[in-house]
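Written out below as structure tokens is the structure these notes cover.
What's counted below: heavy atoms across the whole structure, side chains too, no hydrogens, waters or symmetry copies. So that the names make sense, note that chain A is the first sequence line, chain B the second, and so on, each numbered from 1. This is a predicted model, so every value here is computed, not measured.
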Amino acid sequence: MTTALIQTAEGAFAAHFSESGLAGLDFPTTEIVPRTVAPELSAQSSVWLRLTERALKQALEGKTPDELPPLDLSAGTEFQRRVWDALRKVPSGQTKSYAQVAQSIERPKAVRAVGQACGANPIPVLIPCHRVLAAGGKLGGFSSSLDWKRKLLTREGAIPTSD
DNA sequence: AGTTCGGACCGTT
DNA sequence: AACGGTCCGAACT
């Protein structure tokens, strides 16, 4: 699993690639990244990196990425992958509640579990866990800072009702 | 209107 | 067995 940094206007994201695709994406950290020699990226990984970089930048502008790298979600459980798939179907500018997501995957009562699965999302931004709000249009939670959730939503034109 | 409380519910560790 | 990025209704302020 190799890691590469992606510079954006918002800071440096870390992208993790496995043999089968993009497996993780981390929000910029304030920590100083140790200056190690970048391991060589396989030819394939560098292609994926370009795709990731492009997609990420588009997403940060609130646009829908025109192409994503292959995603490696094999680390997730069946339930989680189902949630993540459902998230990917929520278009930019729109939002769903945790309950709505639960219904869309045929588990209407697994509301809190959906919340958990969102928090376990290894590829935020590209898998839009931020588009899931609490009932009544309230912001709800976010593993990384809520500021990110707000920022992403406003960029997409989905105005989280106050708060 | 807004807030707080208490249960019910389900997947993960 | 305990914990969540929840939800809903009831009972408050």
Side-chain angles (χ1 to χ4, degrees), chain A residues 1-6 8-31 33 52-53 55-65 68-163:
Chain A
M1 191 117 104
T2 73
T3 299
L5 292 180
I6 299 179
T8 74
E10 319 294 331
F13 285 71
H16 310 288
F17 298 97
S18 72
E19 302 287 323
S20 31
L22 176 65
L25 187 63
D26 300 332
F27 283 100
T29 47
T30 52
E31 310 172 20
V33 184
T52 305
E53 189 169 359
L56 178 59
K57 284 176 178 167
Q58 295 176 121
L60 288 177
E61 292 169 10
K63 305 173 69 178
T64 303
L68 291 184
L71 306 182
D72 178 4
L73 301 176
S74 57
T77 65
E78 189 117 12
F79 176 82
Q80 291 172 329
R81 283 195 297 253
R82 232 152 129 194
V83 171
W84 299 337
D85 281 350
L87 294 188
R88 297 177 60 184
K89 290 178 187 144
V90 183
S92 173
Q94 285 189 212
T95 62
K96 270 191 174 183
S97 72
Y98 294 93
Q100 284 177 309
V101 174
Q103 295 198 337
S104 74
I105 59 170
E106 250 64 57
R107 278 222 191 18
K109 299 182 223 165
V111 184
R112 309 193 67 180
V114 165
Q116 263 188 175
C118 289
N121 171 21
I123 311 180
V125 186
L126 264 31
I127 295 179
C129 49
H130 58 276
R131 306 218 254 256
V132 187
L133 308 188
K138 285 180 317 238
L139 195 51
F142 204 62
S143 338
S144 340
S145 70
L146 280 173
D147 292 336
W148 269 110
K149 192 169 185 175
R150 259 189 290 267
K151 178 177 285 189
L152 292 169
L153 286 172
T154 39
R155 296 260 170 100
E156 297 175 358
I159 323 136
T161 60
S162 70
D163 286 280

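Partners of A:Lys89 by side-chain hydrogen bond (donor to acceptor under 3.5 Å, both in side chains), not counting sequence neighbours: none found. The salt bridge (charged side-chain N to carboxylate O under 4.0 Å, His left out) check on A:Glu10 picks up A:Lys151, A:Arg155, with sequence neighbours excluded. Taking A:Gln94 as the reference, A:Val90, A:Pro91 meet the side-chain contact (heavy atoms from CB on, under 4.5 Å) condition, with sequence neighbours excluded. For A:Arg131, the salt bridge (charged side-chain N to carboxylate O under 4.0 Å, His left out) criterion is met by A:Glu156, not counting sequence neighbours. For A:Lys57, the salt bridge (charged side-chain N to carboxylate O under 4.0 Å, His left out) partners at least two apart in sequence or on another chain are A:Glu53. Scored by the side-chain contact (heavy atoms from CB on, under 4.5 Å) test, A:Ser143 finds no partners at all (sequence neighbours excluded).
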Dot-bracket for DNA chain C, 5' to 3', Watson-Crick and G-U pairs with both distances under 3.5 Å, [ ] for crossing pairs, | for partner on another strand, reads ||||.||||||||
Considering only distance and modelled atom types, tabulate donor-acceptor pairs under 3.5 Å from the side chains of residues 70-80 of chain A, sequence neighbours left out.
{"from": "A:Asp72", "atom 1": "OD1", "to": "A:Ser74", "atom 2": "N", "distance (Å)": "3.0"}
{"from": "A:Asp72", "atom 1": "OD1", "to": "A:Ser74", "atom 2": "OG", "distance (Å)": "2.6"}
{"from": "A:Asp72", "atom 1": "OD2", "to": "A:Ser18", "atom 2": "OG", "distance (Å)": "2.5"}
{"from": "A:Asp72", "atom 1": "OD2", "to": "A:Ser20", "atom 2": "OG", "distance (Å)": "3.2"}
{"from": "A:Thr77", "atom 1": "OG1", "to": "A:Gln80", "atom 2": "N", "distance (Å)": "3.2"}
{"from": "A:Thr77", "atom 1": "OG1", "to": "A:Gln80", "atom 2": "OE1", "distance (Å)": "3.4"}
{"from": "A:Gln80", "atom 1": "OE1", "to": "A:Thr77", "atom 2": "N", "distance (Å)": "2.9"}

Check: After noting the C-alpha distance and the side-chain angles of A:Phe13 and A:Thr52, does the key distance pass the side chain to side chain contact (heavy atoms under 4.5 Å, CB included) rule?
Finding: CA-CA 11 Å; A:Phe13 285 71; A:Thr52 305; over 6 Å; no
Before giving the answer on side chain to side chain contact (heavy atoms under 4.5 Å, CB included), spell out for A:Thr3 and A:Asp26 the whole-Å C-alpha distance, their side-chain angles and the decisive distance to 0.1 Å.
CA-CA 10 Å; A:Thr3 299; A:Asp26 300 332; over 6 Å; no
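At least one donor-acceptor pair closer than 3.5 Å links the side chain of A:Trp84 to the backbone N or O of A:Ala117. Remark: side-chain polar atoms of A:Ser92 are paired, donor with acceptor, to backbone N or O of A:Gly62 under 3.5 angstrom.
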N/O-N/O pairs, protein side and nucleotides 3-5 of chain B side, under 3.5 Å:
none

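Within residues 119-128 of chain A, no residue is approached by DNA chain B to less than 4.0 Å at the level of any non-hydrogen atom. Contacts with DNA chain C (heavy atom under 4.0 Å) in residues 80-112 of chain A: A:Ser97, A:Tyr98, A:Ala99, A:Val111, A:Arg112, listed by number.
Residue A:Phe79 is classed as a sugar-phosphate contact, given heavy-atom separations below 4.0 Å to backbone atoms only. Within the nucleic acid shown, A:Val132 comes within 4.0 Å of at least one base atom, counting heavy atoms only.
The neighbour count for A:Glu19 CD, taken as heavy atoms of other residues, nucleotides or ligands under 6.0 Å away, does not exceed 12.
Taking atom C1' on both C:dG4 and B:dC9, the two are 12 Å apart, rounded to the nearest angstrom.
By the 4.5 Å heavy-atom criterion applied to side chains, A:Leu133 and A:Lys149 are counted as neighbours.
A salt bridge links A:Arg150 with A:Asp147; the closest basic N to acidic carboxylate O contact falls under 4.0 Å.
When DNA chain C is scanned 5' to 3' for any atom under 4.0 Å from a heavy atom of chain A, the first and last hits are C:dC3 to C:dC8.
The aromatic rings of A:Phe142 and A:Phe27 stand perpendicular to each other, their planes meeting at an angle above 60°, with 30° marking the opposite boundary.
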